[in-house]
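First listed ligand is number 1; within each ligand, the first listed atom is number 1. These numbers were taken from a predicted model, which means no experiment stands behind them.
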Amino acid sequence: MIKIYSPASIGNVGVGFDVLGAAIAPIDGSFLGDTVTILPSKKFNLINKGTFSNQLPIDVNNNIVWKCWDYFCSFLKKNLPITIILEKNMPIGSGLGSSACSVVASIIAMNMYFNNPIQKTELLLLMGKLEGKISGSIHYDNVAPCFLGGLQLIINNNGIICQRLPIFKNWLWTIAWPGIKVKTADARTALPLQYSKDICIEHSRYLAGFIHSLYTKQPELASKLMNDVIAEPYRIKLLPNFLKTRQEIQKIGAIGCGISGSGPTIFSISDNLQTAKNIKKWLKKNYLKTHQGFVHICKIDTIGTRKIG
Ligand code: HSE
């Protein structure tokens, strides 16, 4: 038997559309992610458990874990009879890398169970492909941090998929999922097909400046540069009252605030616990739209996917 945990992640991190992603972990030590357990079996069997298992497709062939198993079998050119137990603890369509959690946990669990036949870069390519099947196009900004932990910059060139970036250890990331669903595929089609030269330059300035501030240890500059001119302007309408929410939590003391992945989760950054707690309280009262919604104060999860059983 093997049991794997894969953490939630913030795609884009506000300034790097499709090229920045951060794995996150609640500071209270609780798990925020999916787990996958593999057991020996005579035939393939998939058992769905967890808080959000009722959101999974009824037809097993549409379940992403089944697709992972199918891909894994074709990759190894073998039929692999196993029982997979998916604990779906991440809400689907939340912007917290829910599908990446299931994909990464399944692929890593199978790879470990069968004595690591696939190497790291191949694994990432496979995860990207599978993630692309759900979201409409390949992007690594959830699967890479979910798999490897930390804040990852997607390179996808010269045989390198991603590289880990330095982080500010005192930054706290308060995430709020309002309890409603936004499909990544829909949030991606909401974006324009082309951008003007001015926007391209502005985007490069923010992204390059942000990465420069990480390496030169300038947290204030980094937080000021976390502006999204690519996705945010077109996705605001998919979130409940995002601009007002951002204004309010900035008043409380947030040094940064943006859309997590394709939303509707938002993240806010603060550099002390009291501010993070005040933001959490405000978001709980004002941003949640259903009883299922949640708010967590998180740090960057530097470990990523790991074996927990
Ligand atoms: N980079 C992706 C997007 C992340 O914004 O569409 C999806 O979670």
K251 with E248: basic N within carboxylate O range, under 4.0 Å: yes

Lys/Arg N to Asp/Glu carboxylate O, R306 vs D301, below 4.0 Å: yes

Members sharing I279's hydrophobic cluster (side chains within less than 4.5 Å):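 Its cluster partners, ordered by chain and number, are V182, I236, L238, L239, F242, L243, I249, I252, I259, I266, W282, L283, Y287, L288, V295.
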
D271 and K169: CA distance, side-chain angles, deciding distance, salt bridge (Lys or Arg N to Asp or Glu O under 4.0 Å) verdict: CA-CA 9 Å; D271 52 14; K169 292 210 176 94; over 6 Å; no

Report every pair formed by an N or O atom of ligand 1 and a protein N or O atom separated by less than 3.5 Å, giving atom names and the distance to 0.1 Å.
{"residue": "ligand 1", "atom": "1 (N)", "partner": "N12", "partner atom": "OD1", "Å": "2.8"}
{"residue": "ligand 1", "atom": "1 (N)", "partner": "D18", "partner atom": "OD1", "Å": "2.5"}
{"residue": "ligand 1", "atom": "1 (N)", "partner": "D141", "partner atom": "OD1", "Å": "3.3"}
{"residue": "ligand 1", "atom": "1 (N)", "partner": "D141", "partner atom": "OD2", "Å": "2.7"}
{"residue": "ligand 1", "atom": "5 (O)", "partner": "N12", "partner atom": "ND2", "Å": "2.8"}
{"residue": "ligand 1", "atom": "5 (O)", "partner": "R235", "partner atom": "NH1", "Å": "2.8"}
{"residue": "ligand 1", "atom": "5 (O)", "partner": "R235", "partner atom": "NH2", "Å": "3.4"}
{"residue": "ligand 1", "atom": "6 (O)", "partner": "R188", "partner atom": "NH1", "Å": "2.6"}
{"residue": "ligand 1", "atom": "6 (O)", "partner": "R235", "partner atom": "NH2", "Å": "3.0"}
{"residue": "ligand 1", "atom": "8 (O)", "partner": "N142", "partner atom": "OD1", "Å": "3.0"}

Proximity of F168 and W173 rings by center, below 6.0 Å: no

Output field: ring centroids F294/H296 closer than 6.0 Å: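 Centroid distance F294-H296: below 6.0 Å, so yes.
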
